[in-house]
Each structure stands twice: as structure tokens, then as C-alpha cells.
Protein chains: 2
Amino acid sequence: MTSISPAPRPLFSELLPAEFTGNLSFLLARTRQDLAEEMDAVFDGDGLGIRHYAILSLLFRRGGLRQTDIAAVMSLDRTTTMKVMDELEGRGLLQRSRHSEDRRANAIDLTEAGRAWRERHMNRVLEQEQRFLSSLTPGERTLLQELLLKLVSGVHQRRNADHHED
Amino acid sequence: MTSISPAPRPLFSELLPAEFTGNLSFLLARTRQDLAEEMDAVFDGDGLGIRHYAILSLLFRRGGLRQTDIAAVMSLDRTTTMKVMDELEGRGLLQRSRHSEDRRANAIDLTEAGRAWRERHMNRVLEQEQRFLSSLTPGERTLLQELLLKLVSGVHQRRNADHHED
DNA sequence: TATTGTTATACTCTATAACTATA
DNA sequence: TATAGTTATAGAGTATAACAATA
């Protein structure tokens with residue numbers, strides 16, 4: 001390297017706060033991507049990821065959902081949901097059966113293996129989340145999740161309202 | 001089981017808070033996607049989007065960046081950055097010139113058209129952001145951005161530290 | 001040897017369109 | 001007519017590999 005130190009190479013830490021405070025889209029995209037990359041480490045190897053974990057957690061709390069329900073909550077297309085269901089069913093982590101009240105629909109439930117898989121990954125998921133949040137205080141971590149939840153719920157309510165105006 | 005009315009179809013607003021509080025990956029992914037969809041409305045028509053706006057804003061505050069600098073800040077691959085630069089240069093919004101201190105590198109600067117484009121879209125970007133944030137109080141909106149900025153900076157510092165350990 | 005920009009190529013993710021069986 | 005699941009296909013976005021110029 002040079003001794004007299006030429007023009008300083010712009011550093012990430014120098015540019016980021018100055019340029020992007022207020023740029024919510026960037027901050028959200030970057031945060032999501034950073035976390036996604038770190039979450040990959042938890043699941044490395046078996047071809048499943050944090051999305052599969054989230055769906056199994058959803059089914060853990062409430063079984064018998066239709067694929068369209070899962071699609072709505074996860075904000076996925078029907079066909080994308082189909083693919084994810086195939087991946088999970090192919091590994092024996094959930095099962096599709098006939099819905100008792102609508103024979104067009106599937107009723108999706110966890111299998112015992114699915115419950116075990118979720119339980120086996122749960123601690124590492126939570127650890128990785130906390131590691132990702134380590135630059136925030138405990139209070140800030142809770143607050144962040146509350147704010148995000150408010151936003152997601154707010155968007156959903158607003159879109160429902162718009163839809164009912166038709 | 002239910003009495004008379006058929007089993008209630010699980011509502012988004014019913015499932016979301018119960019199942020996903022604590023699922024940071026889901027909340028971040030969902031929030032980012034919701035905002036991205038709403039931001040599309042601002043740019044509909046010209047093939048550019050919020051990412052282009054962010055890059056032009058970065059260059060507005062600090063010109064003469066290399067493509068690798070932009071790639072680092074935006075967390076993009078070199079080749080992806082290349083494509084985005086082509087899109088912006090093709091519309092005359094930025095220009096590539098020889099870097100004065102490293103002849104391998106490009107120095108990227110806004111053109112006048114680029115400055116105008118950014119200015120023309122700025123108000124609608126900010127409006128859409130505020131609309132997206134409308135379920136939060138003003139204080140919460142500021143706080144959210146601060147928390148996200150802390151997280152992104154924290155991840156960056158941690159990765160740099162890891163890297164220097166090699 | 002390593003880095004910058006570039007090109008060509010491959011891969012991943014997701015959505016669109018069309019079909020079937022039910023409602 | 002509309003909806004749930006399914007399948008095949010196409011598109012967007014991104015990364016990998018290789019090369020030339022320069023450090």
C-alpha cells in the first residue's frame with residue numbers, strides 16, 4: 001500500500017448512515033438479506049430453509065390448514081406453495097389429506113417427523129436470531145418485532161379495505 | 001368443533017400475530033416484500049425501480065464511486081452491479097469514466113438527467129414510504145429506521161471482524 | 001497474484017396459463 | 001362461475017466462470 005495515503009476508499013460504515021437514513025426500502029432489503037444469509041448456516045445441508053421452518057411452525061400451532069391458507073399467510077403464489085409443500089411432504093415432514101368440508105382442498109398437517117424436525121432446529125434458529133440482533137438491547141429487539149408486526153398487519157388491513165371498496 | 005356454522009376459515013389477522021411473533025425472518029421478509037410491491041407503483045412504467053433510486057441517491061451524495069464500491073454498499077455481486085449500471089447509463093442517468101487513480105476502475109457519476117430523475121421521483125418515494133409506515137406513530141417510524149440501521153451496521157462490523165481474524 | 005470491469009452462462013425463485021375436480 | 005390443487009412453462013433476478021487490463 002501507499003504511505004502518503006491517497007484518496008480514501010469510501011467505507012461502507014462511512015457511506016451507509018449518511019446516505020441511507022431515510023431509505024427504508026434499502027434498509028429493509030439489506031436487513032432481510034443479511035439475516036437470510038446467516039439463517040442459511042442453520043439449515044445448511046438438507047435443502048430446507050427458514051421458510052420451511054416457518055411453515056412447519058405455523059402448522060405446529062394450527063393444523064388442518066389448506067394450501068391456500070398457507071399461501072395467504074406466507075404471501076406466496078399457489079404454485080410456489082405447491083412446490084414448498086412437495087419439498088416438505090417428500091421428506092415426510094407433513095401430510096396432505098382430504099379436507100373434511102371441501103373436497104377440492106387439502107388439509108395440511110404435521111407428521112411426527114415434522115414436529116421432530118421443527119424441534120430439532122428451533123434452538124439454533126432462536127440462537128441465530130439473537131446473534132443477528134446482538135447490536136440491539138433486549139428492549140430494542142422486542143420493539144423491532146412489534147414494529148414489524150404492526151407494519152405487516154397494517155398493510156394487510158389496508159389492502160383488505162381497498163379490496164372491499166370494489 | 002363448531003356448533004352450526006362451518007369451521008372458520010383461518011384469517012390472516014388471526015394467524016399472524018399468534019404464529020409469527022418471534023419469527024424475525026418471516027417478519028422481515030414479509031415487510032420488505034410488502035414495501036417493495038407498494039414502491040413498484042411509484043416507478044411503474046420506465047423499467048427502473050427503488051434500487052435504481054437508491055443508487056442514484058448514493059451517487060448524489062458522493063460521486064466518483066467505483067462499481068465495486070456500489071456493489072459493496074448495495075450488497076450486490078459485481079456482475080449484478082454491472083447490469084444495473086448498464087440500465088442507468090443506457091438511460092443517460094449516470095456516466096462511467098476512467099478513475100483518476102486506478103485505471104482498472106470506473107468512476108461513476110450522476111449526469112444532470114440523473115439528478116433530475118432522482119429529484120422528480122423523490123417526493124413520491126417519500127410519500128409512499130410514509131403511507132407504508134402509516135400504522136406507526138412518527139416516533140415509531142424514526143425508531144424503526146434507527147433499529148434497522150443499527151442492525152445493518154452491526155452485521156457489517158461483525159463480518160469485517162470475522163474477516164480480519166483469518 | 002490480486003483486483004476491476006466485462007461477458008456469457010447457469011441457476012434459483014417466482015409467477016402465468018391451462019387443466020381437473022369440486023363448490 | 002368461481003375456487004383448490006396441480007402441472008408445465010416462462011420470466012426476473014442473481015450468481016459463477018472465464019478473460020483482458022491493470023495494480
Per-nt protein contacts along nucleotides 11-19 of chain D (heavy atom under 4.0 Å; B base, S backbone sugar-phosphate only, - none) come out as ---BBBBB-
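In this entry the distance linking CZ of B:Arg98 with P of D:dT22 reads 6 Å, nearest Å. One atom, CE of A:Met85, and another, P of D:dG5, lie 10 Å apart when rounded to the nearest Å. Going from atom CE of B:Met82 over to atom C1' of C:dT6 covers 5 Å, rounded to whole Å. The distance from atom CG of A:Asn106 to atom C1' of C:dT20 is 14 Å, rounded to the nearest whole Å. The distance from atom CZ of B:Arg103 to atom P of D:dT22 is 5 Å, rounded to the nearest whole Å. In this structure, A:Met74 atom CE and C:dC13 atom C1' are separated by 14 Å, rounded to whole Å. One atom, CD1 of B:Ile70, and another, C1' of C:dT4, lie 13 Å apart when rounded to the nearest Å. Distance B:Arg66 CZ to D:dA21 C1': 14 Å, rounded to the nearest Å.
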Point to revise | Derivation and outcome, side chain to side chain contact (heavy atoms under 4.5 Å, CB included), residues A:Gln145 and A:Glu140 | key: CA-CA 9 Å; A:Gln145 303 215 16; A:Glu140 287 173 330; over 6 Å; no
Let's go through B:Gln67 and B:Asn106 carefully: what are the C-alpha distance in whole Å and the side-chain angles of both, what is the deciding distance for side-chain hydrogen bond (donor to acceptor under 3.5 Å, both in side chains) to 0.1 Å, and is it a yes or a no?
CA-CA 7 Å; B:Gln67 291 183 196; B:Asn106 289 336; 3.0 Å; yes
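In this model, a donor atom of one side chain and an acceptor atom of the other lie less than 3.5 Å apart for B:Arg118 and B:Ser57.
Distances shorter than 4.0 Å separate some side-chain N or O of B:Gln67 from OP1 or OP2 on C:dT6. The shortest distance between the side-chain N/O atoms of B:Arg96 and the OP1/OP2 oxygens of C:dT6 is below 4.0 Å.
DNA chain D is contacted by both A:Ala107 and B:Asp102; A:Ala107 maps to the nucleotide lying nearer its 5′ end (nearest heavy atom per residue).
Under the 3.5 Å distance criterion, the side-chain polar atoms of B:Thr142 are matched with a main-chain donor or acceptor of B:Pro138. A donor-acceptor pair is defined here as one N or O able to donate and one able to accept, closer than 3.5 Å; such a pair exists between the side chain of B:Arg141 and the backbone of B:Leu133.
One distance of note links CE of A:Met74 with CD of B:Gln33; it measures 10.0 Å at 0.5 Å rounding. Here the straight-line distance linking atom CD of A:Gln128 with atom CD1 of A:Ile50 works out to 9.5 Å at 0.5 Å rounding.
A donor-acceptor contact under 3.5 Å is formed by the side chain of B:Arg104 with the base of C:dT3.
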